Amino acid sequence: MSNPTLRTRFAPSPTGYLHIGGARTALFNWLLARRLGGKFILRIEDTDQQRNIPEAEAKLMQDMRWLGIDWDEGPDVSGPHGPYRQSERLDAYRAAADKLIDAGLAYFAFDTAEELDALRKQAAAEKKAFKYARPNPLPSRADADRARAAGKPVVIRLAVPHVEMVVHDEILGDVTFAAGEVEDFVIFKSDGFPTYHFAVVLDDDHMQITHVLRAQEHLMNTPKHIFIQRALGFRTPQYAHLPLVFNMDGSKMSKRDKAKDIAAGRLPREIDVHDFRVSGYLPEAIVNFIALVGWSPGQDREKMTRDEMTQLFTLDRINKTSGRFDRDKLLAMNTDYIAAATPARLLSGFRDYAAATNSPLAALDDAKLAAALAACKGFRTFKDIDTKVGPLFAADESITFNPDAVAKTLAKNNGQGYATLEKLTPVLESVATWTAENLDAAIKNYCEQNAAKMGDVAQPLRVALTGNTISPSIGETLTLLGRDATLRRVRRCRETRS
RNA sequence: GGCCCCAUCGUCUAGUGGUCAGGACAUCGGAUUUUCGAUCCGACAACGCGGGUUCGAUUCCCGCUGGGGUCACCA
């Protein structure tokens, strides 16, 4: 079952990083294309001059590549149906609009924003739905020129036929809109740019898109798009509207959440793909997780490689129900992926993470880093590595002692912890070969001779060496730190006793 | 408010005209443990309500309720 003529696309507008919801839309389009041997196209929808952000396009592409979602045609790889940026296709949009005007299928309108606003308010006051009233006769080109000369805004509206419209949706089934539901909407803005509706339809036709998978919030736009297609004589692609994804509390996942979290003194939630990268997630875990929000291969399958998903993906297994983004489950999945990753993948994954952050471990060579990663068995994200072993590779002076940790492990019982450090120093100094095994053995031996529990020794040591109670197992910790630094830090810690 | 979509554990979901309604995450309990992770074992937990259709509905139909989306010269 393959379909080489199948073409899907992802068409983000360049307003920032790739949103996690957008990533899912991109993934589903990609999955379908890969499943059926079709093509996946990336197109940049930059018709809103106000909102475009220069860096955004590059970021979007970087995030997609990071997730492993690659495209066959796009702004940077070109292809037979370009250009793949809407701002570079203005002539085509204008020509099409002209054609519609000439055919009487679209017409000029000169209303100001204020006038429209007033009409809408009035309709609302009368509890009626506002529908733009088509003038009769339609304004001529001369009228448009006069309006322009008079400084009025000139837009083009589609003359929408008064007929029922049935949208065939691959996920939702047939959705019917009564005649008159769709008003004469704007297809060309007064700034000379097409609206989204007009541009998508022209682009999808031009790029021979056969399947449009997009978020369900576009469902109400679909009749508009089909009306444009009919006016232009285009065929209609297959539509599939994906269920929405929300926060756990049911609210929209928005970049604003981050600002809200910061304002509330919380750690900002991850919203963009890039945020998850910075938080230390593995892209394959993210891809697996987002695929499962709104889609399921059945048979209780959850863990899947990209290839497995590609084999299993079908439109008829996409759900209609909207979902919530369960970060706990993502974290658990990431933990599993990390546990299952090869040392080499962990290494490359961490390098990737470090490139996007200011990880204190960025400067380590591969051998050191691999050792650090191995010492942290059971970690959940790459960020955990930073907190767990970061202090071991920082300068001695940068170690600050957590007061709670000091109180609990060192100062308690008249400074028992400090006393332990003192007694332990010669033990450590006498370890002939500084390996995790030897150090563990020496410390265990010390515990036995002094009737101490492992925690009584390990915890004071941890605090002395890192300022905190978190580090790999004590032998690993000492090995990663090295003999000299260990003895230095123990001394330094005892000297700081207040 | 108009239009449209949706409805299985707290969450993501599997599933069937007759099932002990399954899995995963979370939660709770226990085990393990030198910290934080992690790991192991166990438990709790769902078919929104009301009508039909049917020998029998969680499953099919209708209504209700609830949730959501959308009503721009944004995409």
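Order of the sequence lines fixes the chain letters, A, B, ..., with proteins taken first and strands second; residue numbering starts at 1 for each chain. The model shown is predicted, which means the values in this text are computed figures rather than measured ones.
For B:C36, the base has a donor-acceptor partner in the side chain of A:Lys388 [N/O atoms by modelled type, under 3.5 angstrom]. Side-chain to base pairing of A:Asp384 with B:G37: no donor and acceptor N or O lie closer than 3.5 Å to each other.
Applying the side chain to side chain contact (heavy atoms under 4.5 Å, CB included) criterion to A:Lys412, with sequence neighbours excluded, gives no partner residue. Taking A:Phe28 as the reference, A:Phe313 meet the ring-ring contact (aromatic ring centres under 6.0 Å, His included) condition, with sequence neighbours excluded. Residues passing the ring-ring contact (aromatic ring centres under 6.0 Å, His included) test with A:Tyr196, sequence neighbours excluded: A:His218, A:His225. For A:Tyr281, the ring-ring contact (aromatic ring centres under 6.0 Å, His included) partners two or more places apart in sequence, or in a different chain, are A:Phe276.
Rounded to a whole angstrom, the distance from the C1' atom of B:C64 to that of B:G18 is 28 Å.
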Could you pull out the protein-nucleic contacts involving nucleotides 8-12 of chain B (nitrogen or oxygen on both sides, under 3.5 Å)?
{"residue": "B:C12", "atom": "OP1", "partner": "A:Arg324", "partner atom": "N", "Å": "3.2"}
{"residue": "B:C12", "atom": "O2'", "partner": "A:Leu292", "partner atom": "O", "Å": "3.0"}
{"residue": "B:C12", "atom": "O2", "partner": "A:Lys329", "partner atom": "NZ", "Å": "3.4"}

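Side chains of A:Ser254 and A:His19: no donor on one and acceptor on the other come within 3.5 Å.
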- Query: Can you give one letter per nucleotide of nucleotides 70-75 of chain B, 5' to 3': B if a protein heavy atom sits under 4.0 Å from the base, S if only from the sugar-phosphate, - if neither?
  - Reply: S-SBBB
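Annotation: salt bridge (charged side-chain N to carboxylate O under 4.0 Å, His left out) contacts involving residues 280-297 of chain A, sequence neighbours excluded, comprise A:Glu284-A:Arg345.
With the nearest nucleotide of RNA chain B identified for both A:Leu244 and A:Cys376, A:Cys376 has the one nearer the 5' end.
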Give every donor-acceptor pair under 3.5 Å between a side-chain atom in residues 289-304 of chain A and any protein atom, sequence neighbours left out.
{"residue": "A:Ser296", "atom": "OG", "partner": "A:Gly298", "partner atom": "N", "Å": "3.0"}
{"residue": "A:Glu302", "atom": "OE2", "partner": "A:Lys329", "partner atom": "NZ", "Å": "2.8"}
{"residue": "A:Lys303", "atom": "NZ", "partner": "A:Asp336", "partner atom": "OD2", "Å": "2.8"}

Sequence neighbours left out, cut at 3.5 Å: what donor-acceptor pairs do the side chains of residues 178-187 of chain A make with other protein atoms?
{"residue": "A:Glu183", "atom": "OE1", "partner": "A:Tyr132", "partner atom": "N", "Å": "2.7"}
{"residue": "A:Asp184", "atom": "OD1", "partner": "A:Arg134", "partner atom": "NH2", "Å": "3.1"}
{"residue": "A:Asp184", "atom": "OD1", "partner": "A:Val160", "partner atom": "N", "Å": "2.9"}
{"residue": "A:Asp184", "atom": "OD2", "partner": "A:Tyr107", "partner atom": "OH", "Å": "2.7"}
{"residue": "A:Asp184", "atom": "OD2", "partner": "A:Arg134", "partner atom": "NE", "Å": "2.7"}
{"residue": "A:Asp184", "atom": "OD2", "partner": "A:Arg134", "partner atom": "NH2", "Å": "3.4"}

